[in-house]
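Step one of this worksheet: look at the structure below.
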Amino acid sequence: MAHYGDMQNAIYNAGLRGVLPDYPVDFATLEARAQKALSPSLLNYVQGGCGDEYTQDRNAEAFRHWGMVPRMLVDCSERDLSIDLFGLKLPSPIFMAPIGLNGEVTQDRRGDLAAARASAATGVPFCASTLSNSPMEEVCAAAGDVPGFFQLYTPKSEDLTASLLTRAKDAGYRAIVVTLDTWVTGWRPRDLNSASFPQLRGKVLENYFSDPVFRSLLDRPPEDDPAAAIAMWTKVFGKVLTWDDIAWFRGLTDLPIVLKGICHGEDARKAADHGVDAIYCSNHGGRQANGGIAAIDMLPDVVEGAGDTPVLFDSGIRSGTDVVKAIALGATAVGIGRPYTYGLAIGGDAGAAHVLNSILAEADLLMAVNGYPDLAAVRSAGASLSLAR
């Protein structure tokens, strides 16, 4: 039975022939190479966070005070990392979190398609962002048979919302991830100091510019008058959502609905009571609010409040070890964000696939060494996680 951890044997064996990995397997080296590959403005947008970036930094650092307790004399010669989600049997618990500037980070400015190809190559589902340089239909097709999810920034226009959701279902996406914390952009000093906001320059707006409802709002097509199209985007972006809108979403689509941005146990209980299909614990990687609490530290309360409703998680994931810890704390699936985008920046779809495979290999080997043959064992061990502050 093949395991994700077999990747290390392939690397070591290639090394005997003098062949080194094309891309790094650790986050620090990956980030350093991406810093050289991206322009300063792109790097600021991808790498930067809100305020003084304390929350962003805490998201990653907080994993260090959660410690796994190994169990010995357990047969882990075979490991099972598969999960069930939205009626799908997925080979691993990770997915590619939505990143709004993926399209810009590859040389051909088609990073969304490269991310989808990495999904096809690895079997890791891709959550495609509303903000994209390629239409959602092309992105979904590039992922092949691997199921994908569509992340929605809800427009103020109800007709446009309905159109985007209809297109997502027709394209083949298997769930809708509604982002709750981005109806207005947080205070991001790196972007402000360079006066650079990509969308105002017409970037990653193809899902709008290709939409028939959006185009009907314009006097001239976006290709003929991009400035007017961008101005219209600023008018329709960012509907303020309330709990009453959950029923509205249910009336627009029969795809599973996921609420992204839930960080409080009581909000998780409300979401479960409203019958959503999954709750997504995330503080947007620290990009939207600088409150100081790490997302991983809020995950246990969200899981408790969610009850039987699956909980997805992202924010601060840098390694396979982080993935295992998030699973141990109750997450059903774990989103990978900046690491795979850095992979896109240095190697396109091959770079992103390498990053995803590296994360899975580390998670798999950690489970083997710690005595966890499957994710049920990881979750059972979660009760033994210690806070080593």
Side-chain angles (χ1 to χ4, degrees), residues 55 58-59 62-63 65-66 83-88 90 93-95 97-98 125 127 149-154 174-183 186 239-250 253 255-317 322-337 375-376 378-383 385 387:
T55 296
R58 286 288 297 159
N59 276 339
F63 281 89
H65 65 238
W66 291 100
I83 65 169
D84 295 301
L85 184 66
F86 310 136
L88 303 167
L90 302 175
I94 71 169
F95 64 96
C127 187
F149 316 133
F150 180 73
Q151 174 270 337
L152 178 72
Y153 288 123
T154 309
R174 306 300 290 274
I176 300 297
V177 177
V178 181
T179 293
L180 306 175
D181 63 359
T182 314
W183 58 273
K239 175 180 170 64
V240 178
L241 298 172
T242 70
W243 292 109
D244 292 337
D245 290 310
I246 306 304
W248 173 59
F249 281 116
R250 281 290 184 210
T253 184
L255 289 175
I257 293 174
V258 184
L259 298 186
K260 180 178 185 288
I262 300 291
C263 292
H264 194 287
E266 182 57 32
D267 286 347
R269 277 186 284 274
K270 286 183 180 179
D273 289 344
H274 278 76
V276 300
D277 298 279
I279 293 162
Y280 194 150
C281 178
S282 168
N283 62 14
H284 217 107
R287 288 178 54 74
Q288 275 295 89
N290 193 38
I293 300 176
I296 191 66
D297 291 342
M298 297 185 281
L299 176 59
D301 286 342
V302 171
V303 170
E304 181 180 0
D308 295 332
T309 304
V311 175
L312 283 59
F313 174 83
D314 76 18
S315 299
I317 297 290
D322 294 344
V323 170
V324 174
K325 289 181 179 181
I327 295 293
L329 289 171
T332 300
V334 180
I336 312 301
L375 297 183
V378 172
R379 293 190 179 93
S380 178
L385 258 71
L387 272 172

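We're numbering straight along the sequence, starting at 1.
- Side-chain contact between Ile257 and Ile246 is absent, with no heavy atoms from C-beta onward closer than 4.5 Å.
- Take Tyr153 and apply the ring-ring contact (aromatic ring centres under 6.0 Å, His included) test, not counting sequence neighbours, and it matches Phe237.
- A salt bridge links Asp277 with Arg250: at least one charged nitrogen is closer than 4.0 Å to a carboxylate oxygen.
- Here the straight-line distance linking atom CD of Gln288 with atom CG of Asn283 works out to 10.0 Å at 0.5 Å rounding.
- More than 12 non-hydrogen atoms from other residues, nucleotides or ligands lie less than 6.0 angstrom from CH2 of Trp248.
- Residue pairs meeting the salt bridge (charged side-chain N to carboxylate O under 4.0 Å, His left out) criterion with at least one partner in residues 299-310, sequence neighbours excluded, do not occur; the list is empty.
- Between the CG atom of Asp181 and the NZ atom of Lys260 there is a distance of 6.0 Å, given to the nearest 0.5 Å.
- Within the 3.5 Å criterion, the main-chain N or O of Gly307 finds no donor-acceptor partner in the side chain of Arg269.
- Here Ile336 contributes atom CD1 and Ile317 contributes atom CD1; the two are 5.5 Å apart, rounded to the nearest 0.5 Å.
- Note that CD of Gln151 and OG1 of Thr182 are 7.5 Å apart. Values are rounded to the nearest 0.5 Å.
- Thr179 and Leu241 get closest at one heavy-atom pair: O-CD1, 4.4 Å.
- Residues Ala295 and Asp314 come closest through the heavy atom pair CB-O, 3.9 Å.
- Applying the ring-ring contact (aromatic ring centres under 6.0 Å, His included) rule to Phe313 yields no partners; only residues at least two apart in sequence or on another chain are considered.
- The ring-ring contact (aromatic ring centres under 6.0 Å, His included) test applied to Phe86 returns Phe149, not counting sequence neighbours.
- Distance CD1/Ile176 to CG/Leu152: 7.0 Å, rounded to 0.5 Å.
- The minimum heavy-atom distance linking Ile262 with Val302 is given by the pair O-CG2, 3.9 Å.
- In this structure, Ala306 and Ala272 approach most closely via the heavy-atom pair O-CB, 3.7 Å.
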Query raised in the report: Hey, mind stepping through Leu259 and Ile279 against side-chain contact (heavy atoms from CB on, under 4.5 Å) and telling me if it holds?
Result: CA-CA 5 Å; Leu259 298 186; Ile279 293 162; 5.7 Å; no

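- Atom CD1 of Ile293 sits in a sparse spot, with 12 or fewer heavy atoms from other residues, nucleotides or ligands closer than 6.0 Å.
- Ser315 approaches Asn59 most closely through the heavy-atom pair CB-ND2, 3.8 Å.
- Between Thr154 and Phe249 there is a side-chain heavy-atom pair separated by less than 4.5 Å.
- A distance of 11.0 Å separates CG of Leu90 from OG1 of Thr332, quoted to the nearest 0.5 Å.
- Residue pairs meeting the ring pair (Phe, Tyr, Trp, His ring centres under 6.0 Å) criterion with at least one member in residues 266-294, sequence neighbours excluded: Phe95-Tyr280, Trp243-His274.
- Contact between Leu85 and Pro310 at its shortest, heavy atoms only, is CD1-CB, 4.1 Å.
- Take Arg174 and apply the salt bridge (Lys or Arg N to Asp or Glu O under 4.0 Å) test, not counting sequence neighbours, and it matches no residue.
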